[in-house]
There are 2 protein chains.
Amino acid sequence: MAESKHETILRAAQKLFAERGYDGTTVPMIAEEARVGAGTIYRYFENKQKLVNELFRGSVARFAATLRDGFPEQEDFRQKFRHVFYRLIRYSRENPEAFRFINATANAYFLDEQSKADFEGFMDFIESHLDEGKKAGLLRDLPSQAFIAIVYGTIFHLSRMFEDGTLEPADELLSGIENSCWDAVSES
Amino acid sequence: MAESKHETILRAAQKLFAERGYDGTTVPMIAEEARVGAGTIYRYFENKQKLVNELFRGSVARFAATLRDGFPEQEDFRQKFRHVFYRLIRYSRENPEAFRFINATANAYFLDEQSKADFEGFMDFIESHLDEGKKAGLLRDLPSQAFIAIVYGTIFHLSRMFEDGTLEPADELLSGIENSCWDAVSES
DNA sequence: GAGACCGGAATGAACGTTCATTCCTACATT
DNA sequence: AATGTAGGAATGAACGTTCATTCCGGTCTC
């Protein structure tokens with residue numbers, strides 16, 4: 001089998017959660033999307049809330065891995081910034097549903113402590129990376145959270161536009177926006 | 001009475017929708033928050049979906065009014081940009097629940113055509129304003145949608161941080177971010 | 001005391017979840 | 001090789017609960 005039932009169910013849930021949200025998605029909907037019986041879902045997940053938390057943590061872990069993977073530890077800060085930017089873009093483009101799901105879910109009332117902690121850890125990676133640039137005097141005198149708002153906020157909105165076809169993700173466009181973001185955060 | 005029941009119900013619904021989303025909010029919850037009977041809600045709204053759509057349109061209308069109000073038609077583009085930036089910030093700060101609700105709801109499956117059209121009209125105002133700057137050669141060679149992603153995306157993320165206390169909305173910080181955004185979109 | 005208005009119990013549909021049953025696969029027996 | 005059997009996996013009808021919505025008896029207002 002190419003994909004286990006466990007994975008099939010998670011994939012189906014992710015698609016629906018991204019489209020309709022957690023509360024707007026019923027367990028029978030997930031079952032139908034995954035082409036399994038409703039009861040089967042409960043062989044793999046204790047309940048709907050455990051399912052959404054497991055899905056969230058998995059998505060965040062893969063997202064974090066995408067960022068850390070091939071991080072140019074030896075190169076200069078400008079290169080590192082570029083790496084993070086393009087990896088954020090890459091993940092949002094290759095996993096639009098996961099990206100949308102993560103962002104819509106990150107503050108949700110049904111997330112457990114572990115999930116919240118995992119997401120915070122992921123954000124800390126981005127923040128500490130920006131802190132490094134700030135210490136090196138390469139970035140403006142703003143809290144690194146502000147940089148996150150600029151870079152992550154931009155990419156988040158961009159990915160929405162790519163998804164609904166408002167904007168086409170051409171290389172030239174991405175490179176232009178990467179420069180914009182760099183100019184927004186870097187010391188003049 | 002300072003506030004009609006109609007308004008009280010809308011306010012209560014907005015608070016809950018912003019916190020828990022449309023499907024995560026039940027009509028009895030809204031009734032309790034508004035301190036009215038569940039049946040009373042149906043004296044003012046045909047059903048839950050009509051309620052959320054009316055609320056959405058009202059919020060978008062007030063948001064749009066905030067932007068248009070006092071728009072410095074006679075001044076230069078830099079001033080106009082500043083105006084839009086600070087009005088976006090102002091609305092998100094004075095109406096954090098409305099702002100969060102609008103952004104979480106803008107693409108939702110339960111919005112009717114009228115609501116979608118209203119929101120698009122609002123976004124068109126921002127876009128046409130940016131187009132003007134582009135025609136004047138003041139902005140980079142990027143689609144104006146990309147500018148929206150940068151400015152609106154930044155403010156959206158920022159407002160989240162203000163709401164959950166990650167960041168404090170000091171004047172100095174806002175002015176610094178406004179400059180960042182301007183540098184991100186303007187021709188060097 | 002008539003009429004508009006309101007609250008919250010009542011209602012049927014739909015929810016998350018369970019469970020008795022069926023299905024499938026692998027191995028034992030011949 | 002063919003048949004029998006065991007047991008985990010899968011199912012979907014059924015359960016209690018909760019939802020959106022309706023309805024009706026009571027309460028203000030004039």
Side-chain angles (χ1 to χ4, degrees), chain A residues 1-59 101 104-105 108-115, chain B residues 1-59 101 104-105 108-115:
Chain A
M1 210 189 300
E3 192 178 41
S4 73
K5 281 226 151 74
H6 188 94
E7 288 170 86
T8 306
I9 292 165
L10 283 174
R11 180 182 304 276
Q14 177 160 88
K15 178 180 174 185
L16 291 165
F17 288 157
E19 274 169 14
R20 310 178 48 95
Y22 174 70
D23 289 298
T25 302
T26 71
V27 174
M29 276 184 204
I30 299 170
E32 192 188 340
E33 177 74 30
R35 294 168 195 282
V36 300
T40 304
I41 289 177
Y42 289 86
R43 294 195 59 77
Y44 293 94
F45 305 94
E46 208 176 312
N47 54 43
K48 191 187 176 188
Q49 193 162 169
K50 287 272 171 64
L51 192 169
V52 74
N53 274 279
E54 183 175 327
L55 176 60
F56 182 79
R57 281 202 289 276
S59 300
F101 167 70
T105 307
Y109 67 92
F110 49 78
L111 281 193
D112 59 31
E113 292 311 313
Q114 183 63 57
S115 296
Chain B
M1 207 188 303
E3 190 179 44
S4 73
K5 279 221 155 67
H6 188 93
E7 288 170 85
T8 307
I9 292 165
L10 283 175
R11 180 182 305 276
Q14 178 160 90
K15 177 179 174 185
L16 292 166
F17 288 158
E19 275 170 13
R20 310 178 49 93
Y22 174 71
D23 289 298
T25 302
T26 70
V27 173
M29 276 183 203
I30 299 171
E32 192 189 340
E33 177 74 31
R35 295 167 193 282
V36 301
T40 305
I41 289 177
Y42 288 86
R43 297 192 59 76
Y44 295 93
F45 304 94
E46 209 177 312
N47 54 44
K48 190 185 176 189
Q49 191 161 173
K50 286 272 171 65
L51 192 168
V52 75
N53 274 279
E54 184 176 326
L55 175 61
F56 181 80
R57 281 201 289 276
S59 301
F101 167 70
T105 308
Y109 66 93
F110 49 78
L111 281 192
D112 59 31
E113 292 311 312
Q114 182 64 56
S115 296

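Side chains included, hydrogens not; waters and symmetry mates left out as well; all remaining heavy atoms used. Each chain gets a letter, A, B and so on, in the order the sequences are listed, and its residues count up from 1.
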Given [options], identify the nucleotide with an atom nearest to the side chain of [X].
X       : options                : value
A/Arg43 : C/dG16, C/dC6, D/dT11  : D/dT11
A/Lys48 : C/dT17, C/dC15, D/dA20 : C/dT17
A/Lys5  : D/dA10, D/dA20, C/dG16 : D/dA10
A/Val36 : C/dG7, D/dT11, C/dC15  : D/dT11
A/Val27 : C/dT17, D/dA20, D/dT21 : C/dT17

For this session: Show the numbers, then the answer: is there a side chain to side chain contact (heavy atoms under 4.5 Å, CB included) between A/Phe101 and A/Val52?
Result: CA-CA 10 Å; A/Phe101 167 70; A/Val52 74; 3.9 Å; yes
For this session: Using atom types as modelled and distance alone, determine if a side-chain donor or acceptor of A/Thr26 lies under 3.5 Å from a backbone N or O of A/Met29.
Result: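 Confirmed, A/Thr26 side chain pairs with A/Met29 backbone.
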Exercise. B/Leu10 and B/Tyr44: side chain to side chain contact (heavy atoms under 4.5 Å, CB included), yes or no, with the steps?
Worked result: CA-CA 10 Å; B/Leu10 283 175; B/Tyr44 295 93; over 6 Å; no
Taking atom [atom2] of [N] as reference, at what distance in whole Å does atom [atom1] of [X] sit?
X       : N      : atom1 : atom2 : answer
B/Glu32 : C/dG8  : CD    : C1'   : 13 Å
B/Gln49 : D/dA20 : CD    : C1'   : 12 Å
B/Arg35 : C/dG7  : CZ    : P     : 12 Å
A/Arg20 : C/dA14 : CZ    : P     : 13 Å
A/Leu16 : C/dC15 : CG    : C1'   : 16 Å
A/Ile9  : D/dA9  : CD1   : C1'   : 12 Å
A/Ile30 : C/dA14 : CD1   : C1'   : 15 Å
B/His6  : C/dC6  : NE2   : P     : 13 Å

Problem set entry | Phosphate-side-chain proximity, B/Tyr42 and D/dT21, N/O vs OP1/OP2 below 4.0 Å |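 Yes, such a contact exists.
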For this session: Give one of base, sugar-phosphate or nothing for A/Phe45, where a contact means two heavy atoms less than 4.0 Å apart.
Result: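 Here A/Phe45 touches no strand at all.
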Exercise. With a 4.0 Å cut-off on heavy atoms, is B/Thr40 in touch with a base, just the backbone sugar-phosphate, or nothing at all?
Worked result: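 If one applies the 4.0 Å heavy-atom cut-off, B/Thr40 turns out to touch a base.
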For this session: Please say whether the positively charged group of B/Lys48, taken as NZ for Lys or CZ for Arg, lies over the ring of B/Phe110, i.e. under 6.0 angstrom from the six-membered ring centre and within 45 degrees of the axis.
Result: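 That pair does not qualify as a cation-pi contact.
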Exercise. Closest nucleotide of DNA chain C for B/Tyr44 versus for A/Pro28: which of these residues is on the 5' side?
Worked result: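 Nearest nucleotide further toward 5': that of B/Tyr44.
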For this session: For B/Arg11, look at atom CZ and say whether over 12 heavy atoms of other residues, nucleotides or ligands are found less than 6.0 Å away.
Result: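 Atom CZ in B/Arg11 is not crowded, with 12 or fewer foreign heavy atoms closer than 6.0 Å.
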